[in-house]
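Values below: every heavy atom of this structure, side chains too, minus hydrogens, waters and symmetry copies. Residue numbers count from 1 along this sequence.
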Amino acid sequence: MRRSLRIIVAVTGLAAGAALGAAPAGAYEFTGTFQGGDCKAMAASIPAADLWYGHFTGQRDAFGGMYRYEWRTAVGCFKTRDACENWLYQWRSEYSLNYRMDFCVKGYVPRKYDILG
């Protein structure tokens with residue numbers, strides 16, 4: 001019985017260590033929201049297929065619990081996935097209620113009527 005328990009603890013510890021080893025180098029720290037890069041300007045100097053496009057829509061309590069919410073949508077382009085994910089983390093931290101349609105995808109495809117970015 002004791003030997004089985006030791007084996008279970010050892011295997012669990014190894015699995016937890018392996019999962020931690022697969023994590024990114026460091027956790028994001030909240031530094032405040034910021035605008036993403038201008039996609040059209042970046043696509044002029046960097047191939048659009050190499051950019052990371054980020055999109056966020058969320059809300060926050062704007063009036064101290066009075067059930068009034070402030071919505072925000074933000075878009076931007078980034079050189080790396082990590083930069084895009086950090087940008088999303090900042091927006092999710094500030095607008096932490098009902099965030100949705102938040103993602104980072106590889107490549108920027110300009111649209112004819114792209115009003116957000």
Side-chain angles (χ1 to χ4, degrees):
M1 178 75 171
R2 293 180 119 190
R3 183 174 182 215
S4 296
L5 183 59
R6 282 188 283 201
I7 291 172
I8 291 171
V9 169
V11 169
T12 304
L14 287 173
L20 291 175
Y28 298 122
E29 180 180 335
F30 181 69
T31 57
T33 58
F34 58 93
Q35 293 297 318
D38 182 338
C39 295
K40 291 176 185 173
M42 292 177 76
S45 62
I46 299 171
D50 292 341
L51 293 174
W52 284 86
Y53 176 77
H55 184 280
F56 174 83
T57 297
Q59 68 182 161
R60 66 180 173 186
D61 183 2
F63 299 101
M66 300 292 292
Y67 299 107
R68 294 184 181 181
Y69 301 106
E70 177 184 357
W71 282 92
R72 181 65 191 247
T73 296
V75 297
C77 282
F78 306 88
K79 292 181 182 179
T80 66
R81 179 180 183 175
D82 192 48
C84 187
E85 293 290 340
N86 178 53
W87 175 82
L88 275 181
Y89 175 82
Q90 305 306 318
W91 283 104
R92 288 175 184 154
S93 297
E94 188 70 26
Y95 289 79
S96 59
L97 300 175
N98 300 319
Y99 58 84
R100 57 179 172 254
M101 292 185 60
D102 55 331
F103 54 84
C104 289
V105 293
K106 180 82 179 215
Y108 168 67
V109 180
R111 297 174 294 196
K112 184 174 183 179
Y113 301 106
D114 194 350
I115 61 171
L116 294 174

Can you list the steps and then say if Tyr53 with Phe103 is a side chain to side chain contact (heavy atoms under 4.5 Å, CB included)? CA-CA 8 Å; Tyr53 176 77; Phe103 54 84; 4.1 Å; yes
Name all pairs fulfilling the salt bridge (Lys or Arg N to Asp or Glu O under 4.0 Å) condition that reach into residues 41-56, sequence neighbours left out, sorted by first residue then second. none
For [X], all residues meeting side-chain contact (heavy atoms from CB on, under 4.5 Å), sequence neighbours excluded:
X: Lys106; answer: Trp52
X: Thr80; answer: Asp82, Ala83
X: Gln35; answer: Arg72, Trp91
X: Phe34; answer: Phe78, Asn86, Trp87, Gln90

Could you tell me the separation between the SG atom of Cys104 and the NE2 atom of His55, rounded to the nearest 0.5 Å?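 Reported to 0.5 Å precision, the distance equals 11.5 Å.
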Quick check: closest heavy atoms across [X] and [Y], and the distance to 0.1 Å?
X: Cys84; Y: Gly54; value: SG-CA, 3.6 Å
X: Tyr89; Y: Glu29; value: CE2-C, 3.9 Å
X: Lys79; Y: Ile46; value: CE-CD1, 3.8 Å
X: Phe56; Y: Asp102; value: CD1-CB, 3.7 Å
X: Tyr108; Y: Ala43; value: CD2-CB, 4.2 Å

Listed partners of Arg60 passing salt bridge (charged side-chain N to carboxylate O under 4.0 Å, His left out), at least two apart: Glu70, Glu94
Could you work out, with ring pair (Phe, Tyr, Trp, His ring centres under 6.0 Å) as the rule, every residue matching Tyr69, not counting sequence neighbours?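 Expected list: none.
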Looking at residues at least two apart in the chain, or sitting in another chain, which of them share a side chain to side chain donor-acceptor pair (under 3.5 Å) with Thr57?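 Thr73.
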